[in-house]
Amino acid sequence: MEYYVNEQMKHLNLLTSELDKAYHEAALKLGLSDSVMLILYTLCWCEGECLLGDLTSSASKQTINSALRKLEADGIVRLETFRGRKKKVRLTDKGEQYVKDTVYPIVRIENEISDSWSEEEKNTYIELTRRYLEAFREKLKEV
């Protein structure tokens, strides 16, 4: 059986892997697990609250729930019932300060990098990433 991955895809996969590794290293440097980092990061760009279902990632539901239980026990977040059976995750006052001390530095780094790009570069990066994701999801339906 012959396997073929073109050079551009090798490069893209390597960069994607290295980017994931860099975010993992950032979480470790901040004393956070990847799942806690994901939750806090999501709450950061959702202005401090989001539906439990918005905390999606490659992490399992159990991993996210364990991280949420720890954050809740530490007084960083609270879970609230929202419209029947749905749950909302909300930062506490302590959580807001914790996010400022942990996740905000990462957001500032991202913003500095993004701000150094032209509007055309940002739009191209976003559009190509969106198109790749859509095409990949479509092709997966054929597998």
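Computation of the quantities below employed the complete heavy-atom set of this structure, encompassing side-chain atoms and omitting hydrogens, waters and symmetry-equivalent molecules. For reference, positions follow the sequence shown, starting with 1.
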Closest non-hydrogen atom pair between [X] and [Y], with its separation:
X	Y	result
K94	D74	NZ-O, 2.7 Å
L43	V89	CD2-O, 3.6 Å
N6	Y4	CB-OH, 3.2 Å
M37	L32	SD-CD1, 3.8 Å
V36	S33	N-OG, 3.1 Å
A67	S35	CB-OG, 3.5 Å

Identify, with sequence neighbours excluded, every residue that meets side-chain contact (heavy atoms from CB on, under 4.5 Å) alongside [X].
X	answer
R137	L133
E110	Y23, Y41, I106, V107
R108	Y104, P105

So that I can tick it off, tell me whether [Y] and [X] are bridged by a salt bridge, with the cut-off set at under 4.0 angstrom between side-chain N and carboxylate O.
X	Y	value
E80	R78	yes
E127	R130	yes
R131	E134	no

[X]-[Y] co-clustered via ILVMFWY side chain contacts under 4.5 Å:
X	Y	result
L79	L38	yes
L14	L19	no
W45	I76	yes
L15	Y132	no

Indicate yes or no: at least one non-hydrogen side-chain atom of [X] is less than 4.5 angstrom from one of [Y].
X	Y	answer
S114	K122	yes
T81	K86	no
V77	L68	yes

How many angstroms lie between [atom1] in [X] and [atom2] in [Y], if you round to the nearest 0.5 Å?
X	Y	atom1	atom2	answer
D54	C46	CG	SG	6.0 Å
H11	E7	NE2	CD	10.0 Å
E72	R69	CD	CZ	9.5 Å
K87	L55	NZ	CG	13.5 Å
I39	C44	CD1	SG	14.0 Å
R90	T92	CZ	OG1	11.0 Å

How does the hydrophobic cluster around F82 look, that is, which other residues are in it when side-chain heavy atoms under 4.5 Å mark a link? L51
Are more than 12 heavy atoms from other residues, nucleotides or ligands located less than 6.0 Å from atom NZ of K70? no
More than 12 non-hydrogen atoms from neighbouring residues, nucleotides or ligands closer than 6.0 Å to NZ on K61, yes or no? no
Hey, are D93 and Q97 close enough side-chain-wise for a donor-acceptor pair under 3.5 Å? no
What residues, two or more places apart in sequence or in another chain, satisfy salt bridge (charged side-chain N to carboxylate O under 4.0 Å, His left out) together with K139? none
Applying salt bridge (charged side-chain N to carboxylate O under 4.0 Å, His left out) to E18 and not counting sequence neighbours gives none
For S66 and Q62, indicate whether the former's side chain and the latter's backbone hold a donor-acceptor pair under 3.5 Å. yes
side-chain contact (heavy atoms from CB on, under 4.5 Å) assessment of L91 paired with L40: CA-CA 9 Å; L91 285 172; L40 296 177; 4.2 Å; yes
